[in-house]
Protein chains: 2
Amino acid sequence: MHERTVKDRIIVADDHPVFRDGLKRIVLKQFPGAQVQEAGCMEEVLACARASEEPPDTFVLDLLFPGLDSTRSIGELRQEFRSSSIVIVSMVDDAALIQDIMAAGADGFIGKSVSPDEIGAALAAVRNGEFVVKFSPSGLVPARHEPPAPLEPLTPRQRDVLRLVADGLSNKEIARKLEISPFTVRIHVSSLLRALNVGTRSALAAKAAKAGL
Amino acid sequence: MHERTVKDRIIVADDHPVFRDGLKRIVLKQFPGAQVQEAGCMEEVLACARASEEPPDTFVLDLLFPGLDSTRSIGELRQEFRSSSIVIVSMVDDAALIQDIMAAGADGFIGKSVSPDEIGAALAAVRNGEFVVKFSPSGLVPARHEPPAPLEPLTPRQRDVLRLVADGLSNKEIARKLEISPFTVRIHVSSLLRALNVGTRSALAAKAAKAGL
DNA sequence: GGTCGATTAGTACGGATGGGCTATGGGACG
DNA sequence: CGTCCCATAGCCCATCCGTACTAATCGACC
């Protein structure tokens, strides 16, 4: 199928220059004579790919926009360049996302946490007709994102009070600011202590501060 | 102040090998004779940093875990290595996050989308004593450094107490933990209130939490 | 209409907090 | 040796904090 063993054309796309450089070096090490073209966005990728009569041999693409747009772009790329290899390199290693990407027509998925040598090997494998999914199963980048969550079940007034507690104001000061009675402020503070499951006003303040107010 | 012009020690940390390689190359290009050590996680960073008698000259750190944990780690690093430069390199360029990071004691913030040359220039600027924040392709913003020095003049014992205050512990509990008298704890708390120029224990907790303690 | 939750307001009480004061011992620096 | 800073410990006292209990108003929901 591929007679052209002399000069591979490989497009490397990543919006982060440093990473793009790194990927280019990996590719060149793996395919010494290859013609590597760089792109910083999807438009550049398409422009590069269409610039030549012959389709590129391999796309090495960062997940520019982690989301549904990506799978869509991959699908379109697969439509237009049926014989090219498409390898996605990405920070996130969410199993569902990977499945979507492979289903969209990618030939390989490689996590950025994988070492350069392994990335090179994976590229070679894909170039060889294999389908490769390779990322860190350990849990180095589980992309956890819970900080903005714990303030959800609070009532609007509770959030008002919490903000001011986090500023270090006393109940009396908070009362003046909100134009309510200090007694009422205490009610809210007490309910906040229960709601956030802490025992002191200071823990409340710390928790609020850490959660981004 | 720095007589050691011959051999800088620079620690480059990023959990993504490819990016780490790229950063290392940038650093070596900017500081040709430098001794560059690589780390893939915070533990390795600390191990490297403590391995030598002399503190490292510069830390170049990826935001390993985008979130509050990072500011905390930075704060601790700043505590332990007062004279080192700390430069954070990160994908995200959220203004609030950057402010938190600088407040936690970093000397510079650089987005990964910035070109290698500009990253090198920024590192040189920081090495030169400047504070640099650089992310959007637009420009270089020298950071002001009055507010970002909140925890510097504290005594070790004050920091001990502050950490526990930020956890929401009462004076009595802190006394038990530190095995000192509650009266003594109050002394430290009072001094902290004056030192950090706040009026309440809660403001203390919030400030400590924001500063990454 | 009845019930529930959110918000408001109050009283009473025990414990925690923070300022001001004094005092001792150990290092560091000159 | 004197001085300064840090850490320790204690006392007095005014204030603040948090809980418990009661109670009124309002809107939502059944």
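Each chain gets a letter, A, B and so on, in the order its sequence line appears, and its residues count up from 1.
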If I take atom [atom1] in residue [X] and atom [atom2] in nucleotide [N], what distance separates them, rounded to the nearest angstrom?
X      : N      : atom1 : atom2 : result
A/F183 : C/dG10 : CZ    : P     : 6 Å
A/I180 : D/dT25 : CD1   : P     : 19 Å
B/Q158 : D/dA7  : CD    : P     : 6 Å
B/K172 : C/dG15 : NZ    : P     : 8 Å
B/I174 : C/dG18 : CD1   : P     : 9 Å

Testing A/I11, A/V89, A/I88 for side chain to side chain contact (heavy atoms under 4.5 Å, CB included) with A/V60, which one passes?
A/V89
Exactly one of A/V161, A/I174, A/V185 clears side chain to side chain contact (heavy atoms under 4.5 Å, CB included) with A/L169, and that residue is A/I174
Phosphate OP1/OP2 of [N] contacted by [X] side-chain N/O (<4.0 Å):
X      : N      : result
A/H188 : C/dA6  : no
B/S190 : C/dG19 : yes
B/T200 : C/dG18 : no
B/R186 : D/dT8  : no

Interatomic distance, A/I110 atom CD1 to A/L123 atom CG [nearest 0.5 angstrom]
4.5 Å
Scanning both residues in full, the closest heavy-atom pair of B/E173 with B/G168 reads OE1-O, 4.4 Å
Under 4.0 angstrom, heavy atoms only, what part of the nucleic acid is B/T184 near: base, sugar-phosphate, or nothing?
base
Over all strands shown, is A/L193 touching base, sugar-phosphate only, or nothing at heavy-atom distances under 4.0 angstrom?
sugar-phosphate
Sorted by position of nearest nucleotide on DNA chain C, 5' first, the leading residue of B/I187 and B/S202 is B/S202
Assuming nearest nucleotide by heavy-atom distance, tell me which of B/E179 and A/G199 is located more 5' along DNA chain D.
B/E179
